[in-house]
Amino acid sequence: MQMLESGASMSEWRRIPAGKIACQRREVVRLQPGIEYRTMGVRWHGKGAYDRGTATTETVKAKSLYRARTGDFTFNRIDTQKGAFDVIPAELDGALATNEFPLYEVDAQEMDARFLLLNFQRPEVLRQIGAMRAGSEGRARWKEADFEGWMIPLPPLCVQKRIVEVAAAINDQINALSAEAETLEALLAGRKEEVFAEYAVTGTTLPIGQVLEEIKRPIIVNPEAEYRQIGIRSHGRGLFTKEPVTGESLGSKKVFWVEPGDLVINIVFAWEGAVAVVPPDIVEYCGSHRFPTYRRTDGGDVEFIRLFLTSKTGTRLLADCSPGGAGRNRTLNRKRLMQSPVALPSPQEQERVVGELKALDVQVAALREEADKLGQARTALISGLIDRTIDIKSAELGV
């Protein structure tokens, strides 16, 4: 792919306010008692428009909503910098939106709505929106006037469509990898249920606390030192690492060292399967008090416990040990977890099944990692194409 040399650039595209090519659609629908209306919204983090289900005058405070049409450009006015933009898909044609999701008809002679979406998905644009909303009280809203005054690049329509096609080709590759990962995940989940159901009948049942013990390695924080922290993904998808922070920025936060081979649980999202084992390459990292660490006391492989806790049966057990709270936050009762049962087969069978299930786990992780890397490459490519540091012809050859 042809990148321009540092300091070199093609002439920039003409830039215009978004309001010059997008006109707000206000197809008002006044709500009537006794009628159900299909509604839509826009999720953050690039997840796009979605069906919010039906609403009535009893469930919606507004007296009027606005009808969306296929191809409308829309965004979520609340915390827009989190990537809440989309083009209305055909399956949401006719759905109703509140005024938190403004709808715009894009001039198809000047702008492809999909290109407009790509522009607003760029990280640098989202950062600029976030900076603009910084300091706002309450939940920051990016309103219609902000969008309409936002300066956007206007390449020739044929170039816009070529950039959209390049992005779509990469999306197809990402979707194929994700679909393959989901197929393997379903196979892994089914196999977990089979083996742990069998062990419930044939194995030895013990309280988890008889084979696991919590290990604490408290850190005396040095305000001038740097600390690298971990996070734990839900649904058994492992650890991730965060950017280093100074001890001063940690403030009074309690942190603990984690070591390779530790079983780590996110006690706030344990009920979603936020359980992982620290891999060998995670060295000199720490976690907050919300991430307790455990080790086997009987000489067995801690991976067996992770696989159990991330099975459907194990996740239900974690949910039972996590009393309800506000939103998704449900704190794990660790004492109750340690008293909960786990069925253990022989050490040889534990070793065998860990090998079998981890092999599937590794394949899933590799596919998801490849999809993530492709997504990052797509983001960089789109930014380069729009700011003209990457040539469209070489991008087309690359995909």
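Everything numeric here is computed off the predicted structure, so don't read it as measured data.
With salt bridges taken as basic N to acidic carboxylate O contacts below 4.0 Å, none links Glu272 and Arg330.
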Notebook entry, point to check: Can you check side chain to side chain contact (heavy atoms under 4.5 Å, CB included) on Tyr227 and Asn222, steps first, answer last?
Noted result: CA-CA 9 Å; Tyr227 295 91; Asn222 178 351; 3.6 Å; yes

Next item on the list: Go through the steps for Tyr66 and Val29 under the test side chain to side chain contact (heavy atoms under 4.5 Å, CB included), then give the verdict.
Entry: CA-CA 6 Å; Tyr66 302 91; Val29 177; over 6 Å; no

Next item on the list: Verify side chain to side chain contact (heavy atoms under 4.5 Å, CB included) between Asp361 and Leu307, making sure each step is shown before the conclusion.
Entry: CA-CA 10 Å; Asp361 232 355; Leu307 290 165; 4.1 Å; yes

Notebook entry, point to check: Step by step, would you call Glu148 with Tyr104 a side-chain hydrogen bond (donor to acceptor under 3.5 Å, both in side chains)?
Noted result: CA-CA 10 Å; Glu148 292 167 16; Tyr104 284 84; 2.6 Å; yes

Quiz: residues 278-289 side-chain donor-acceptor pairs under 3.5 angstrom, not counting sequence neighbours:
unit_1 : atom_1 : unit_2 : atom_2 : d
Ser288 : OG     : Arg290 : N      : 3.0

Sequence neighbours left out, cut at 3.5 Å: what donor-acceptor pairs do the side chains of residues 339-346 make with other protein atoms?
unit_1 : atom_1 : unit_2 : atom_2 : d
Ser340 : OG     : Arg336 : O      : 2.8
Ser346 : OG     : Glu349 : N      : 3.1

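The shortest distance between side-chain heavy atoms of Lys312 and Arg316 falls below 4.5 Å. Here the side chains of Leu360 and Gln363 are in contact, with some heavy-atom distance below 4.5 Å. Side-chain contact between Arg77 and Glu144: present, with at least one pair of heavy atoms (C-beta onward) separated by less than 4.5 Å. Residues Lys20 and Leu154 form no side-chain contact, since every pair of their non-hydrogen atoms from C-beta on lies 4.5 Å or further apart.
Ring orientation note: the planes of Trp150 and Trp142 are nearly perpendicular, at an angle over 60° on the 30°/60° scale.
Every residue two or more places apart in sequence or in another chain that forms a side-chain contact (heavy atoms from CB on, under 4.5 Å) with Glu36 is listed here: Thr54, Thr56. Considering only residues two or more places apart in sequence or on other chains, Ser383 meets the side-chain contact (heavy atoms from CB on, under 4.5 Å) condition with Arg122, Pro123, Glu124. With sequence neighbours left out, the ring pair (Phe, Tyr, Trp, His ring centres under 6.0 Å) criterion links Phe115 to no other residue.
Between the side chains of Asp72 and Thr74, not a single donor N or O lies within less than 3.5 Å of an accepting N or O.
Heavy atoms only, all atoms of each residue included: Met151 and Pro17 are closest at SD-N, 3.7 Å. Annotation for Thr39 and Ala55: closest pair CG2-CB, 3.7 Å, computed over non-hydrogen atoms. Of all heavy-atom pairs spanning Ala18 and Ile152, the tightest one is CA-CD1, 3.9 Å. Smallest separation of non-hydrogen atoms from Leu309 and Ile208: CD2-CD1, 4.5 Å. The minimum heavy-atom distance linking Leu318 with Leu337 is given by the pair CD2-CD1, 3.8 Å. Residues Val87 and Phe73 come closest through the heavy atom pair CG2-CD1, 4.2 Å.
More than 12 heavy atoms of other residues, nucleotides or ligands shown are found within 6.0 angstrom of CD on Glu214. The neighbour count for Lys358 NZ, taken as heavy atoms of other residues, nucleotides or ligands under 6.0 Å away, does not exceed 12.
In this structure a side-chain-to-backbone donor-acceptor pair under 3.5 Å is missing from Thr205 to Ala200. Between the side chain of Gln160 and the backbone N or O of Glu110, at least one donor-acceptor pair lies under 3.5 Å. The closest donor-acceptor contact from the side chain of Thr310 to the backbone of Gly273 lies at 3.5 Å or more, if one exists at all. Checking side-chain atoms of Tyr37 against main-chain N and O of Gln32 turns up a donor-acceptor pair under 3.5 Å. Judged by distance alone, the side chain of Asp262 and the main-chain N or O of Val264 form no donor-acceptor pair under 3.5 Å.
Residue pairs meeting the salt bridge (charged side-chain N to carboxylate O under 4.0 Å, His left out) criterion with at least one member in residues 221-247, sequence neighbours excluded, are Glu185-Arg237.
The structure places CZ of Arg368 at 11.0 Å from CD of Glu180, a figure rounded to the nearest 0.5 Å. To the nearest 0.5 Å, atom OG1 of residue Thr183 and atom CG of residue Leu367 are 9.5 Å apart. To the nearest 0.5 angstrom, Cys158 atom SG is 11.5 Å from Asp112 atom CG. Rounding to the nearest 0.5 Å places CG of Leu212 at 11.5 Å from CG of Leu206. Put simply, OG1 on Thr313 and CG on Leu317 are 9.0 Å apart, with the number rounded to the nearest 0.5 Å. With values rounded to the nearest 0.5 angstrom, Phe101 atom CZ is found 12.0 Å from Asp86 atom CG.
Between Phe75 and Phe120, the ring center distance fails the sub-6.0 Å criterion.
Exactly one residue among Leu357, Val277, Asp301 makes a side-chain contact (heavy atoms from CB on, under 4.5 Å) with Arg306. That residue is Val277.
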